[in-house]
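A short write-up of the structure that comes next.
What you see is a predicted model, and the numbers here were worked out from it, not measured in a lab. Quick note: numbers below take in every heavy atom, side chains included, and nothing from hydrogens, waters or symmetry partners.
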Amino acid sequence: MNTPSSNQNSNLSEQDRLDILNLNAKHINSLDALTYILEGDPAETWANTFHHDGLFQTLAADGKVIFQAQGRDELINAHRNFPDISTTRHWICNVLIEPHPRGARSGSYIIAMDIGVNPAAIIRTGTYDDLLSARDGVWLYEKKVLILDAFSPKAE
């Protein structure tokens, strides 16, 4: 695996970008508990997309913190207590990955759909703002922040 760039003026390698895209996909698949694709406990797999001391936050459009979990134990517990794991599917798109002094910064659009109703309905929209770094050649989130759109229902 390539060593990630260490300063903002450096380019990320294509392998870095692919690894970060795969991390995003692994994060979303484990968030939705798609165990037929990922083996193991989805909560642990989701927590494993973060560094051991990683932070996940959900913010309202005005910046108010709605939800926060930091560190492996809190992340696992958060996933296990999300109320709609089995009925929600998340889509991310327009993933942008840029060099950052700590490794990389990534952003994307997010749409969450309730698949427990027919037709499926949008229940959350927003953007992700991520800070990533590689340790021992493995890209993980230091911080992943979901910023809800102004008219998105609040995450519970």
Reported [atom1]-to-[atom2] distance for the pair [X] and [Y], which is rounded to 0.5 angstrom:
X: R105; Y: K143; atom1: CZ; atom2: NZ; value: 8.0 Å
X: L75; Y: Q70; atom1: CG; atom2: CD; value: 8.5 Å
X: L140; Y: L131; atom1: CG; atom2: CG; value: 12.0 Å
X: D84; Y: I115; atom1: CG; atom2: CD1; value: 10.0 Å
X: E142; Y: D53; atom1: CD; atom2: CG; value: 7.5 Å
X: I97; Y: H100; atom1: CD1; atom2: NE2; value: 14.5 Å

**Request:** Verify side-chain contact (heavy atoms from CB on, under 4.5 Å) between L96 and S106, making sure each step is shown before the conclusion.
**Result:** CA-CA 5 Å; L96 179 63; S106 174; over 6 Å; no
Does [X] belong to the same Ile/Leu/Val/Met/Phe/Trp/Tyr cluster as [Y], with side-chain heavy atoms less than 4.5 Å apart forming each link?
X: L34; Y: M113; answer: no
X: I123; Y: Y109; answer: no
X: I85; Y: I76; answer: no
X: V95; Y: I28; answer: yes
X: W91; Y: W46; answer: no

**Asked** So among N24, L12, T49, L21, which one has a side chain to side chain contact (heavy atoms under 4.5 Å, CB included) with W139?
**Response**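 The passing option is L12.
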**Fill in**
Test side chain to side chain contact (heavy atoms under 4.5 Å, CB included), reference H90, set N29, L31, I111, L146, output is L31
**Asked** Hey, mind stepping through F67 and Q57 against side-chain contact (heavy atoms from CB on, under 4.5 Å) and telling me if it holds?
**Response** CA-CA 6 Å; F67 177 81; Q57 286 185 319; over 6 Å; no
**Apart from V117 itself, residues in the same hydrophobic cluster as defined by side-chain heavy atoms under 4.5 Å** = none
**Request:** Show your working on side-chain hydrogen bond (donor to acceptor under 3.5 Å, both in side chains) between Q15 and D19 and close with a plain yes or no.
**Result:** CA-CA 6 Å; Q15 188 62 53; D19 290 348; 2.7 Å; yes
For a quick test of reading the model, state the closest non-hydrogen atom pair linking [X] to [Y] and the distance between them.
X: R124; Y: T88; answer: NH2-CG2, 4.5 Å
X: G40; Y: T35; answer: O-CG2, 4.2 Å
X: D129; Y: I147; answer: CB-CD1, 4.2 Å
X: S30; Y: H79; answer: O-NE2, 2.9 Å
X: A78; Y: A69; answer: CB-CB, 4.0 Å
X: I110; Y: T127; answer: CG2-N, 3.7 Å

**Request:** Check step by step if side-chain contact (heavy atoms from CB on, under 4.5 Å) holds for N77 and N81.
**Result:** CA-CA 6 Å; N77 288 334; N81 290 304; 4.3 Å; yes
**Item:** Evaluation steps, side-chain hydrogen bond (donor to acceptor under 3.5 Å, both in side chains), between S108 and N94
**Value:** CA-CA 5 Å; S108 59; N94 298 333; over 6 Å; no
**Item:** Check ion pair D114-R89 (N to O, under 4.0 angstrom)
**Value:**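 Salt bridge flag = no for R89 with D114.
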**Asked** Do D41 and R80 meet the salt-bridge criterion of a basic N to acidic O distance under 4.0 Å?
**Response** yes
**Request:** Using the six-membered ring wherever Trp is involved, compare the ring planes of F50 and F56 and label them parallel, tilted or perpendicular (cut-offs 30° and 60°).
**Result:**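 It falls in the perpendicular class, over 60°.
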**Request:** Would you check if the side chain of S152 reaches a backbone N or O of T125 as a donor-acceptor pair within less than 3.5 Å?
**Result:**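 Side chain of S152 to backbone of T125, a donor-acceptor pair under 3.5 Å: yes, one is there.
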**Request:** For D73, enumerate each residue passing the salt bridge (Lys or Arg N to Asp or Glu O under 4.0 Å) test, keeping only those at least two apart in sequence or located in another chain.
**Result:** none
**Prompt:** Can you list the steps and then say if Y141 with H27 is a ring-ring contact (aromatic ring centres under 6.0 Å, His included)?
**Reply:** CA-CA 10 Å; Y141 299 110; H27 178 86; 5.3 Å; yes
**Request:** Count the heavy atoms belonging to other residues, nucleotides or ligands that lie under 6.0 Å from CZ of R72, then report whether that count exceeds 12.
**Result:**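 For R72, atom CZ is crowded (more than 12 foreign heavy atoms under 6.0 Å).
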**Request:** List the steps and the verdict of side-chain contact (heavy atoms from CB on, under 4.5 Å) for L59 and L148.
**Result:** CA-CA 6 Å; L59 305 179; L148 296 173; over 6 Å; no
**I92 vs Y128 side-chain heavy atoms within contact, under 4.5 Å** =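 The answer is yes; the side chains approach within 4.5 Å.
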